[in-house]
Colleague: 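Mind looking over this structure? Questions follow.
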Amino acid sequence: MSNINVRSPYYITTGTVTGLNSTTIEIYIYTGARITGRPSTPTYKLEGFAIKNEVTFEVSELIKDYISQTFTGTYSTSILWVDYRTTQTINGVAQTISGYTYRKALNGYGYFEDGANPQNDNAVYISNDIILKLDDSPVVFPVDNSITSSVAYLLNGEIVRTVNLTQSSLSSEQVRYITNGVDGADSFEDRVVQSGGTFEDNVCIVEFEDEFIFMDCDSIHVSYSQGGVSKVKILKVQNVEECKYEPYKVTFVNKFGALQDIWFFKRTNKTLTTKKESFKRNIVSGASYSINKHQDTILTKQGSEKLTLNTGYYPEAYNDVFKQLELSEECWIEIDFKTLPINIASTSLAYKTQLNDKIINYTIEVEFANNTINDIR
């Protein structure tokens, strides 16, 4: 089934039809079970008048209004079913209404060079073949559940875990997030806290964590079928140990419209920027004034915080991932076991290569998508 990636235009055209006057399109946008969950009345009904015997509709902006992506630490993708059918009027006579055409819509996009109606028809909804992660954290990545049959985790050539997938007609299950973790926890401490325990940070615990990697693996084999041909996608996994700095995990919506993680392992700087509204106050009373009162008085004051994140050493295969991070409209960061919304503050990205730069480290600025002081009313 073709995808509609709503951040890029999606064109529906009748093609050239001799004597075509106009075309009416009925668009049904819905969630839940495919076909059986379709509403009885169309979400949109549009009429286009023919120019040179052809009518073209662009529908992605209409559909995007119905996609709402959230992330609380639990991975799921906002996906819609989009069914449409058309009625042509030729030489003044309305023709028989067409059958339904079925699509699924995601908050993805294509690059200019991908051409019109980009599909992003990968089995694995990430662009990189190498995954870098914190050594004690799980691997989480999205797959197309409609074509993927199984996922195998391997360590030194031996299978240590297998996940079998089952196709579903539900919109929410079209993208499946595969993980070897537990309840979304990203560290041993996180797993202890989520299970209601008390984490004791001592030398023995540190040595234990250094000795073992939770659910260790060095490659992942994704089995899928495309065009009637069975294929296998291999992902390499690299565990990164960081002892000096506190790593941060950023989750963002990538070009496929799916959630993707990226770790920042090195130094992080935090800054606070404030803004205020003030006025001059009259402090004179009885021909005198108190030197303890403010003449310049603050009416309101608010602040916003920003982080400068450093990735550490990444392979060149991640260049497109950082490109997608910069282009993402929705991002989150995990801090103190809380998942908080952020926006990418950096406005440029200089691509790095191992040939030119030897060691690839990216510095990204992000800002929290809220004011520091709670002023939600």
Colleague: Find the distance between CG (D218) and CG (L235) and round it off to the nearest 0.5 Å.
Modeller: 12.0 Å

Colleague: Counting only heavy atoms not in K352, do more than 12 fall under 6.0 Å of its NZ?
Modeller: yes

Colleague: How far apart are the C-alpha atoms of N3 and N120, what are their side-chain angles, what is the distance that settles it, and do they pass the side-chain hydrogen bond (donor to acceptor under 3.5 Å, both in side chains) test?
Modeller: CA-CA 8 Å; N3 294 345; N120 297 338; over 6 Å; no

Colleague: Classify the side-chain pair Q302/S304 by whether it contains a donor and acceptor separated by less than 3.5 Å.
Modeller: no

Colleague: What's the shortest heavy-atom distance between I283 and Q295, and which atoms?
Modeller: CG2-CA, 4.3 Å

Colleague: State whether the number of non-hydrogen atoms from other residues, nucleotides or ligands found under 6.0 Å of I51 atom CD1 is greater than 12.
Modeller: no

Colleague: Determine whether the aromatic ring centres of Y318 and Y362 lie less than 6.0 Å apart.
Modeller: no

Colleague: Determine the minimum heavy-atom distance between Q167 and S146, stating which atoms define it.
Modeller: NE2-O, 2.7 Å

Colleague: Under 3.5 Å, is there a donor-acceptor pair linking the side chains of T77 and Y177?
Modeller: yes

Colleague: Could you go through the side-chain contact (heavy atoms from CB on, under 4.5 Å) check for K249 and L134 one step at a time?
Modeller: CA-CA 9 Å; K249 184 186 73 173; L134 189 63; over 6 Å; no

Colleague: Please determine whether the number of non-hydrogen atoms from other residues, nucleotides or ligands lying under 6.0 Å from atom OH of Y289 exceeds 12.
Modeller: no

Colleague: Say you draw a straight line from CD1 of I67 to OG of S60; how long is it, rounded to the nearest 0.5 Å?
Modeller: 9.5 Å

Colleague: Begin from the C-alpha positions of E26 and I97 and carry the test side-chain contact (heavy atoms from CB on, under 4.5 Å) through to its verdict.
Modeller: CA-CA 10 Å; E26 297 177 354; I97 194 168; 4.1 Å; yes

Colleague: Please indicate whether R267 has more than 12 foreign heavy atoms, meaning atoms of other residues, nucleotides or ligands, lying under 6.0 Å from its CZ.
Modeller: no

Colleague: Set out, in order, the CA-CA distance, both residues' side-chain angles and the distance that settles salt bridge (charged side-chain N to carboxylate O under 4.0 Å, His left out) for D129 and K233, then state yes or no.
Modeller: CA-CA 9 Å; D129 294 333; K233 171 81 169 180; 2.5 Å; yes

Colleague: Is it the case that more than 12 heavy atoms not belonging to E61 sit under 6.0 Å from its CD atom?
Modeller: no

Colleague: Would you be so kind as to tabulate the donor-acceptor pairs closer than 3.5 Å made by side chains of residues 99-116, with sequence neighbours excluded?
Modeller:
{"residue": "Y100", "atom": "OH", "partner": "R85", "partner atom": "NH1", "Å": "3.4"}
{"residue": "R103", "atom": "NE", "partner": "Y10", "partner atom": "OH", "Å": "2.8"}
{"residue": "K104", "atom": "NZ", "partner": "D144", "partner atom": "OD1", "Å": "3.3"}
{"residue": "Y111", "atom": "OH", "partner": "D320", "partner atom": "OD1", "Å": "3.0"}
{"residue": "D114", "atom": "OD2", "partner": "Y111", "partner atom": "N", "Å": "2.8"}

Colleague: Mind listing the closest non-hydrogen atom pair of I126 and P142 along with its distance?
Modeller: CG2-CD, 3.8 Å

